[in-house]
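Just follow the structure's listing: the first ligand is 1, and inside any ligand the first atom is 1. In this chain, residues are counted from 1 in sequence order.
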Amino acid sequence: MECVTTEIHGDLARVIIDNPPVNALGQAVRAGLLNAQKQISHRPEVKAVVLCCAGRSFVAGADIREFGKPPMAPFLPDVLAALESSPVPWVAAIHGTALGGGLELAMACHGRVASGSARMGLPEVNLGIIPGSGGTVRLPRLVPMADAIALVTGGKPVGAEQALASGLIDRLAEDDLIATAEALARELAAQGAPRPTLSRALISGAGIDWESEEAALRKRSRGAAAPLEALAALRFAATAAANDALAAERGRFLRLSASPEAAALRHIFFAERAAGKSLKSQGVVPADLSRVGVIGGGTMGAGIATALLVSGSEVHLIERDTSAAADAQGRVAETLAASVKRGAVAPDKADAALARLTTGDDCATLAGCPLVIEAVFEDMAVKQQVFARLDTVMPDDAVLASNTSYLDLNTLAGLTRDPSRILGLHFFAPAHVMKLLEVVRGDQTGARALATGAALARRLGKVAVVAGVCDGFIGNRIMSACRRECEFMLEEGALPQQIDAAMEGFGFAMGIFAVQDMSGLDIARAQRKAQAANRLSRERYAHIADRLCETGRLGRKTGKGWYEYSTGRATPDPEVERIITEESVRAGLTRRAFASDEIMARILRIMQAEGQALLKEGIAESAGDIDVVMVTGFGFPRHKGGPMHMAATGVISSTD
Ligand code: 3H9
């Protein structure tokens, strides 16, 4: 099957790319485009060309699977140069997404038309590279430099209306995309020889303060190189001749393509897409998600309800009494209002979402919900009560999920009539924002329940990672090992602020102690208490966190934790240092200095060791899944690819 075909309709040619799933610009497509251009040049009756795509999208970019392998001719810059210098105009008809090389292809055409729902962007920095086929050179010839900087360094796509306003596209297609593109193609043909984008003047970059752009971007990028390289490419393109800028851009692109950062980001790209695939089984139909029950309207339950409502589901939320139900409704309304304020949800969408929420205080009213998610207090007895009730009131085909973060799902499921319909859905707070969803597979969880977990993640725009049953599943188990190791380092001589600084320097959004202060030290304490019975007396145990809790230092909510917050900011506290030093003495350790490298090496080593254990025990299905959990759920820097990727590639080895 040809992946590029040409149809001649009178004086117009239509070139159609058909390369599922996303029309990526693999070698065959590049060759096909060049061939189409040649064919058309032998058809004097053709006055203009419309370039469009089959399937759900325009071109979503270069074929990422070809990256890191020897390049194969024809190269995209040469293909685009051939189209751009065509004697007849080419008009790109964009639907779905035009991303990366796909948008570069559209920009090399002489005109661009998009359907209203189309999205366009240059997401290369998300893959550790910069546009490699003229993106940084053609874009500032179509849109103002400030818009070009946002698109190229931020990597986020824009919608069709914004694209039209900035000049990225020429026309929005009201209904018929191809007819609109054909009309523009005819108009351009009537104007004589088409004008290549590269021959256009740059739209003024005056007023751009490149130095402060760079300083702000450096801070945002947290150690990733590609965004800064993208800015540097634009800065060069702002003054250089187009051909020099093209050559410089290509040089940067090729150099970055071979970088560890690009390899790490490609790894995460494919790991995210591979995650959760095992949840789907052929022929298994997931539960209908248009109406979902949620039990418990605390922070987590309200966040889960919000995510569901925004996705279009009706939600029936149950609390213990009508007053608690009213509070929960208020919490959801507040969460939605905050999402509107952040710009994450449009005001009318938020109103419609809230209108889909009903509340009650009796589980029997959940009977019409094909899926129920329990998010009550993290206590086995409380959860058992909830499941016992659900077992009696829910129809046999309802799927029942628990949002437990470390309780034994098998025990819960074992108390019900049909454990095959029970699964864990471990959301991360705030549940309407965080992209990670651990789908916990109990020993008896059945195919339909698992497929429902996958369908739910898809509907909510989350990444589903499968986890087996253990204390903390994948993410919390690794983080609790990491926390233990960090507390050992405190006993040996490090201070919380040094460990946090090392983690931030590595690229984490926040250090582990600052995070604990945010979420509350009592959570980990409850977990330590629950584990106490199984702890061996000779096992090393740091008492520092327990001592902080005993003195009421539970984190930000009590004004003090690992830091103190009287100024509103995390400030190191001599009281904490005193407790740490006393604990060093108790452990018989002589305090010594720690360098950031050693701190990070120990953190990585413990994450990798715990990850290996999770794989060995069959809790995690793949090393890629573990990396996805750490990157999407725990702030591990995406551009480093996750702890398991680092171990596999040896990019940063531990100190021994
Ligand atoms: C680039 O263009 C560089 C140029 O500047 C220079 C060149 C010289 N290649 O995400 P989905 C696969 S860099 C290969 O689940 P969605 C994906 O793996 C590129 N494969 O669907 C999955 O496969 P599978 C710049 C790709 O509807 C399937 O398609 N472009 C590519 O949720 C479906 O993907 C980007 O960074 C690709 N480019 O989202 C865009 N893209 O079924 C990256 C997807 O086997 N792609 N696949 O698991 C995306 O952002 C999303 O895939 C998209 C669709 C929004 C398009």
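If you look at Phe58 next to ligand 1, there are no close heavy atoms at all, none under 4.0 Å. At a 4.0 Å heavy-atom cut-off, ligand 1 touches Pro123 through the side chain alone. Heavy atoms of Arg250 found under 4.0 angstrom from ligand 1 belong exclusively to the side chain. The parts of Ile64 lying near ligand 1 are both backbone and side chain, judged by heavy-atom distances below 4.0 Å. Under 4.0 Å from ligand 1, not a single heavy atom of Phe75 appears. Neither the backbone nor the side chain of Arg266 has a heavy atom within less than 4.0 Å of ligand 1.
Here is the list of ligand 1 atoms found below 4.0 Å of a heavy atom in Val22: 26 (C), 29 (O), 31 (C), 41 (N), 44 (C), 47 (N). Against a heavy-atom cut-off of under 4.0 Å, Leu99 is close to the following atoms of ligand 1: 40 (C), 50 (O). Listed by number with element, the atoms of ligand 1 under 4.0 Å from a non-hydrogen atom of Gly100 are 2 (O), 25 (C). For ligand 1, the atoms sitting less than 4.0 Å from at least one non-hydrogen atom of Phe253 are 6 (C), 7 (C), 8 (C), numbered in the order shown with element in parentheses. If you number the atoms of ligand 1 from 1 as listed, the ones under 4.0 Å from a heavy atom of Ser133 come out as 7 (C), 8 (C). Listed by atom number, the atoms of ligand 1 under 4.0 Å from Ala62 heavy atoms are 1 (C), 2 (O), 3 (C), 7 (C), 9 (N), 19 (C), 37 (C), 38 (N). Every atom of ligand 1 is numbered from 1 in the order shown, and the set under 4.0 Å from a heavy atom of Phe67 is 3 (C), 13 (S).
With respect to atom 10 (O) of ligand 1, the closest heavy atom belonging to the protein is Arg273 NE, 2.6 Å. Counting only heavy atoms of the protein, atom 24 (P) of ligand 1 lies nearest to Lys277 NZ, 3.6 Å. The protein non-hydrogen atom at the shortest distance from atom 40 (C) of ligand 1 is Ala60 O, 3.3 Å. Remark: minimum distance from atom 19 (C) of ligand 1 to any protein heavy atom is reached at Leu127 CD1, 3.7 Å. At the top of the distance list for atom 39 (O) of ligand 1, counting protein heavy atoms only, stands Arg56 NH1, 4.5 Å. Scanning the protein heavy atoms around atom 6 (C) of ligand 1, the nearest turns out to be Gly132 N, 3.5 Å. Regarding atom 23 (O) of ligand 1, its nearest protein heavy-atom neighbour is Pro21 CG, 4.6 Å. Looking from atom 43 (C) of ligand 1 to the surrounding protein, the closest heavy atom is Phe269 CE1, 3.5 Å.
The line from SG of Cys3 to CD1 of Ile16 is 12.5 Å long, rounded to the nearest 0.5 Å. Of the inter-residue distances, the one linking Leu83 atom CG with Leu33 atom CG reads 6.0 Å to the nearest 0.5 angstrom. Rounded to the nearest 0.5 angstrom, Leu105 CG and Leu99 CG are separated by 12.0 Å. To the nearest 0.5 Å, atom CG of residue Leu246 and atom CG of residue Leu80 are 9.5 Å apart.
Considering backbone and side-chain atoms together, Glu104 places an N or O closer than 3.5 Å to an N or O of ligand 1. Polar contact check, Pro131 against ligand 1: no nitrogen or oxygen pair lies under 3.5 Å apart. Here's the thing with Thr97: none of its N/O atoms is less than 3.5 angstrom from an N/O atom of ligand 1.
Atom CD of Glu174 has 12 or fewer neighbouring heavy atoms from other residues, nucleotides or ligands inside a 6.0 Å radius. In Gln27, the CD atom is crowded: over 12 heavy atoms of neighbouring residues, nucleotides or ligands sit closer than 6.0 Å. Surrounding CZ of Arg458 are at most 12 heavy atoms belonging to other residues, nucleotides or ligands under 6.0 Å away.
When the heavy-atom distances from atom 5 (O) of ligand 1 to Arg119, Glu124, Glu66 are ranked, the shortest goes to Glu124. Of the listed options Leu25, Asp63, Asn19, Asp63 places a heavy atom closest to atom 14 (C) of ligand 1.
Glu213 and Arg235 are not joined by a salt bridge, as no carboxylate oxygen comes within less than 4.0 angstrom of a charged side-chain nitrogen. Contact check on Lys277 versus Glu621 returns no salt bridge, with no Lys/Arg side-chain nitrogen under 4.0 Å from an Asp/Glu carboxylate oxygen.
For an aromatic pair to be called close, the ring centres must be under 6.0 Å apart, and Phe634 with Phe428 satisfies this. Aromatic ring centres of Phe58 and His95: separated by at least 6.0 Å.
Remark: distances from the non-hydrogen atoms of Glu272 to ligand 1 are all 4.0 Å or more.
Side-chain contact between Leu217 and Leu228 is present, with heavy atoms from C-beta onward closer than 4.5 Å.
At a cut-off of 3.5 Å, with distance as the only test, a side-chain donor of Arg459 or Ser311 sits close to an acceptor on the other residue.
Listed by first then second residue, pairs satisfying side-chain hydrogen bond (donor to acceptor under 3.5 Å, both in side chains) with a partner in residues 255-267 read Glu229-Arg255, His267-Asp627, not counting sequence neighbours.
For atom 53 (C) of ligand 1, the nearest protein heavy atom lies 4.0 Å or farther away.
Results of the side-chain contact (heavy atoms from CB on, under 4.5 Å) test with Leu425 over Ile304, Asn403, Ile373 single out Ile373 as the only residue that passes. Of the candidates Asn23, Ile94, Thr97, Asn23 is the only one forming a side-chain contact (heavy atoms from CB on, under 4.5 Å) with Val59.
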